[in-house]
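What follows is a set of notes on a single structure, which appears directly below.
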Amino acid sequence: NYAKLDRERILSYIEARGGESSVKDIKEHSTANDLRIYTLLQQMEMDGEIEVTNVRFWEHRLFADNRAMKKTVIEYVTGSF
């Protein structure tokens with residue numbers, strides 16, 4: 001299960017960094033698949049495994065159907081180990 005392996009890589013990386021890490025560092029150094037990182041971080045936050053801090057939101061306008069989309073950027077996470 002690749003998602004489980006990536007989840008373990010992320011948690012291991014955060015723990016090795018003293019329980020704190022930026023998402024940028026996780027993406028660059030944890031060896032987890034980039035396409036799964038944000039989804040896994042959001043799931044780990046919902047499960048109470050990590051705490052997400054410094055979250056930014058911004059909106060994009062889709063001109064074709066005039067709907068607004070919100071995109072979430074997780075900048076920093078801390079783990080409770």
Side-chain angles (χ1 to χ4, degrees):
N1 184 337
Y2 293 114
K4 182 178 179 181
L5 182 60
D6 283 342
R7 186 176 161 278
E8 291 170 2
R9 288 175 176 165
I10 291 168
L11 288 173
S12 177
Y13 180 77
I14 294 170
E15 187 174 12
R17 303 253 319 165
E20 297 183 355
S21 179
S22 70
V23 175
K24 179 182 175 197
D25 286 343
I26 291 170
K27 287 177 72 175
E28 291 177 2
H29 305 292
S30 72
T31 69
N33 184 302
D34 286 349
L35 299 176
R36 281 190 280 272
I37 289 175
Y38 284 104
T39 303
L40 288 170
L41 289 174
Q42 289 172 342
Q43 184 62 49
M44 289 187 288
E45 180 187 26
M46 287 189 289
D47 292 344
E49 295 176 279
I50 62 171
E51 180 183 346
V52 175
T53 59
N54 293 344
V55 178
R56 291 184 290 140
F57 296 93
W58 71 84
E59 291 187 4
H60 294 277
R61 288 282 172 196
L62 300 177
F63 297 105
D65 58 9
N66 204 24
R67 290 185 308 168
M69 284 178 42
K70 283 192 175 178
K71 183 174 182 180
T72 305
V73 176
I74 303 169
E75 294 182 335
Y76 207 78
V77 297
T78 58
S80 53
F81 303 98

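- Glu49 has its side chain within reach of Arg7: a pair of non-hydrogen atoms, C-beta onward, lies under 4.5 Å apart.
- Rounding to the nearest 0.5 Å places CZ of Arg9 at 8.5 Å from CZ of Arg36.
- Distance CD1/Ile14 to CD1/Ile50: 5.5 Å, rounded to 0.5 Å.
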Extract all donor-acceptor atom pairs below 3.5 Å that involve side chains of residues 25-33 and protein atoms in other chains or at least two apart in sequence.
residue	atom	partner	partner atom	Å
Asp25	OD2	Arg17	NH2	3.4
Asp25	OD2	Ser22	OG	3.3
Ser30	OG	Ile26	O	2.7
Ser30	OG	Ala32	N	3.2
Asn33	OD1	Leu35	N	2.7

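- Here Asn1 pairs with nothing under the side-chain hydrogen bond (donor to acceptor under 3.5 Å, both in side chains) rule; sequence neighbours left out.
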Original post:
Where do Ile37 and Asp6 land on the side-chain contact (heavy atoms from CB on, under 4.5 Å) test, with the steps shown first?
Top reply: CA-CA 8 Å; Ile37 289 175; Asp6 283 342; over 6 Å; no
**OP:** Apply side-chain contact (heavy atoms from CB on, under 4.5 Å) to the pair Glu15 and Leu11, showing each step before the final yes or no.
**Re:** CA-CA 6 Å; Glu15 187 174 12; Leu11 288 173; over 6 Å; no
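- A distance of 10.5 Å separates OG1 of Thr39 from CE of Met44, quoted to the nearest 0.5 Å.
- Atom CD of Gln43 is separated from atom CG of Leu40 by 8.0 Å, given to the nearest 0.5 angstrom.
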